[in-house]
Amino acid sequence: MRLRFAPSPSGQLHVGNARTALFNWLLAHGQDGTFVLRIEDTDTERSSRESESSILDDLRWLGLDWDEGPDIGGQHGPYRQSERLHLYASYANELIGAGHAYYCFCPPAKLESERKEDLAAGRPPKYRGTCRGLPLIVARGRLEAGERPVVRFKVPEAVEVTFNDLVRGEVTFNTGVIGDPVLVRSDGRPAYNFAVVVDDAVMEITHVIRGEDHISNTPRQLLLYRALGFTPPEFAHLALVMGPDHTPLSKRHGATSVAEFRLRGYLPEALVNYLALLGWSPGSGSEESGTPVDELLPIDELARRFAIGDVGHSAGIFDPDKLAWMNRHYMKVAAPGRISVESLRYFIARGFIRRRTDEALEFVASLLPMAVGSVDRLEEIPERVAFIFEFDPAASLRQAHVARLLEEPGAREVIKALPDAVDGTLADREAFRAAAARVRERTGCKGKALFHPIRLALTGSDGGPELDLAVPAIERGAALPPQAGVARIVGCRQRAEMFARAIS
Ligand code: GLU
């Protein structure tokens with residue numbers, strides 16, 4: 001089995017296309033097949049090498065590695081269409097010679113006015129076939145005289161084209177609606193429908209899984225396979241990924257590119273797992289039937305269970321909440337060392353970490369138990385522990401709900417008693433509890449009436465992670481030397497003093 005993903009490098013990788021790549025990858029890996037990456041860059045105005053490398057980067061990040069491709073080569077290269085132009089030219093000549101294609105000299109302005117006429121008459125635009133009957137010898141003469149024609153495919157008239165789509169079942173088109181499509185443009189560049197057929201055939205692709213937006217191209221492609229004497233692959237057209245309003249997922253719905261999701265702090269395995277289940281359900285498997293379907297599956301398990309016939313016909317609605325749920329799960333099960341490395345850039349962006357050092361990484365790793373489990377994305381981790389890096393009693397007291405807390409019975413007394421009670425560093429839970437016990441003895445406050453004001457004085461906030469974890473974390477941060485690359489952190493004793501001063 002040979003499968004391919006064939007992106008056009010004209011922007012970032014859209015999650016819908018990433019899902020197409022993923023389904024190809026899953027099928028290839030589940031069936032011991034080969035996964036080919038081909039770059040469809042014949043649209044020179046829209047294609048760029050930057051886009052190509054960002055797509056490759058995103059695919060690698062997702063873990064969708066390929067067996068053959070532009071960067072690693074392979075038996076069926078080259079893997080960029082712009083490097084295969086000689087092939088298209090030679091197959092175009094073959095089609096012309098066999099009478100399946102012809103030169104068309106119609107000026108673009110004439111074609112445009114015919115198109116407008118068709119639209120005005122309410123018919124789908126269709127090439128009139130003006131040059132269809134032009135004898136080849138005449139056409140060659142005009143070519144020699146310097147005219148630059150396009151090459152068109154001679155679509156057989158009024159023929160039914162039927163194929164069995166692996167997702168949608170039998171699909172039939174009548175060629176009556178298809179005008180003779182351009183195969184090669186006047187500047188020699190091949191049209192998509194032509195290049196894709198030549199490449200899929202020559203690269204010996206056996207299964208084409210792609211977006212439903214290409215289904216109307218498939219009959220043209222099948223006719224070309226026939227004309228070229230190639231055996232067509234099997235086709236599977238995937239319903240497009242939709243937004244909550246049932247229109248194709250686009251910028252209006254928020255993040256749409258893999259790069260954006262990556263930037264926002266989703267883990268690749270979460271995005272992969274989520275996209276795999278968009279329109280496909282792994283089922284519970286024969287042995288496990290009766291047990292609830294487990295949706296949290298690593299990529300290899302997805303590949304093991306994947307069957308193209310189980311992909312649904314209808315659109316998958318992109319559900320950010322479900323993706324967030326999966327991301328939370330994968331953050332929780334990831335190795336902590338990995339999450340600290342991956343989240344470091346967000347700490348740096350907030351100014352909490354100045355440089356990547358071993359100590360900074362270790363410090364971030366030590367904060368993770370307070371954050372992972374309470375946030376959806378890596379990007380949200382620094383905010384959850386911001387109290388460690390930012391301490392500003394005056395700013396806290398300007399918040400109405402914080403100021404209100406001070407009016408609770410005993411709150412001011414607790415805050416005033418705290419500095420003396422912190423007579424060393426509160427390096428661990430026991431030291432913190434001992435300090436709290438001293439405040440209790442002095443003020444008589446206990447429970448919430450004790451811990452709420454203490455939290456306020458040490459963190460500047462009325463909520464957040466458990467104090468047993470938060471307080472030692474503050475002290476660990478305050479003890480770091482400047483060369484650790486961590487922003488300066490105010491220790492608990494100094495915090496208690498600053499807060500007591502701020503309320504007096
Ligand atoms: N370059 C085309 C696209 O990105 C590929 C379509 C296909 O898979 O045939 O839409």
Side-chain angles (χ1 to χ4, degrees), residues 1-28 33-49 51-56 58-59 62 64 66 68-70 76 78-85 87-88 163 165-168 171 173 181-183 185 189-225 228 230 232-241 248-250 256-259 275 308 311:
M1 206 176 240
R2 287 178 57 85
L3 294 110
R4 54 43 163 205
F5 177 55
S8 304
S10 57
Q12 292 190 318
L13 183 63
H14 186 278
V15 286
N17 286 334
R19 174 168 159 272
T20 301
L22 173 61
F23 280 21
N24 279 288
W25 190 96
L26 291 176
L27 190 58
T34 302
F35 180 52
V36 177
L37 178 63
R38 181 175 72 229
I39 300 298
E40 304 213 321
D41 59 348
T42 55
D43 185 343
T44 39
E45 288 104 65
R46 299 181 59 210
S47 301
S48 74
R49 277 298 167 99
S51 160
E52 177 189 311
S53 59
S54 87
I55 291 171
L56 264 60
D58 287 340
L59 290 170
L62 288 167
L64 305 181
W66 46 95
E68 298 170 24
H76 297 73
Y79 293 91
R80 268 184 209 103
Q81 288 189 328
S82 59
E83 294 162 11
R84 302 170 63 81
L85 299 177
L87 269 172
Y88 313 127
F163 64 99
D165 190 283
L166 298 176
V167 169
R168 303 165 52 106
V171 179
F173 281 85
V182 172
L183 299 182
R185 299 186 183 92
R189 283 179 301 140
Y192 157 72
N193 275 312
F194 183 47
V196 80
V197 167
V198 170
D199 289 343
D200 285 338
V202 172
M203 292 183 173
E204 297 177 35
I205 299 303
T206 58
H207 294 73
V208 168
I209 304 179
R210 62 185 171 201
E212 195 176 53
D213 47 333
H214 285 291
I215 200 159
S216 62
N217 288 318
T218 306
R220 290 175 182 78
Q221 294 177 15
L222 283 167
L223 292 168
L224 276 166
Y225 277 99
L228 287 162
F230 292 138
E234 303 263 17
F235 289 96
H237 290 92
L238 306 174
L240 302 185
V241 177
L249 188 70
S250 72
T256 53
S257 70
V258 170
L275 291 175
I308 191 73
V311 174

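Ligands are counted one by one from 1 in listed order, and the atoms in each one are counted from 1 as well. For reference, positions follow the sequence shown, starting with 1. What you are looking at is a predicted structure, and each value in this text was computed from that prediction instead of being measured. Every heavy atom of this structure was used, including side-chain atoms; hydrogens, water molecules and symmetry mates were not.
Between the side chain of Arg2 and the backbone N or O of Gly33 there is no donor-acceptor pair closer than 3.5 Å. Using a distance-only test at 3.5 Å, with no hydrogens or angles considered, a donor-acceptor pair links the side chain of His14 to the main chain of Leu249.
At under 3.5 Å, a nitrogen or oxygen of Ala6, whether backbone or side chain, sits near a nitrogen or oxygen of ligand 1.
Shown in contact with Val196 at under 4.0 Å from a heavy atom are these atoms of ligand 1, numbered in order with element: 9 (O). Those atoms of ligand 1 that come under 4.0 Å of a heavy atom in Ser8, given as number and element, are 1 (N), 2 (C), 3 (C), 4 (O). Near Glu40, meaning under 4.0 Å from one of its heavy atoms, ligand 1 places the atoms 1 (N), 2 (C), 5 (C). Every atom of ligand 1 is numbered from 1 in the order shown, and the set under 4.0 Å from a heavy atom of Arg4 is 7 (C), 8 (O), 9 (O).
Legend: residues meeting side chain to side chain contact (heavy atoms under 4.5 Å, CB included) with Arg46, ordered by chain and number and at least two apart, are Ser10, Asp43. Partners of Asn217 according to the side chain to side chain contact (heavy atoms under 4.5 Å, CB included) rule, which considers only residues two or more places apart in sequence or in another chain, are Tyr192, Asn193, His214, Arg220, Gln221.
Between Pro232 and Tyr225 the shortest heavy-atom distance is CA-CD2, 3.6 Å.
The residues Glu40 and Arg4 are annotated as not salt-bridged, no charged nitrogen and carboxylate oxygen being separated by less than 4.0 angstrom.
Contacts between Tyr192 and ligand 1 below 4.0 angstrom, taking non-hydrogen atoms only, involve the side chain exclusively. Of all the heavy atoms of Gln221, none lies under 4.0 Å from any atom of ligand 1, so neither backbone nor side chain is involved.
The residue among His237, His214, Gln81 with a heavy atom at the shortest distance from atom 10 (O) of ligand 1 is His214.
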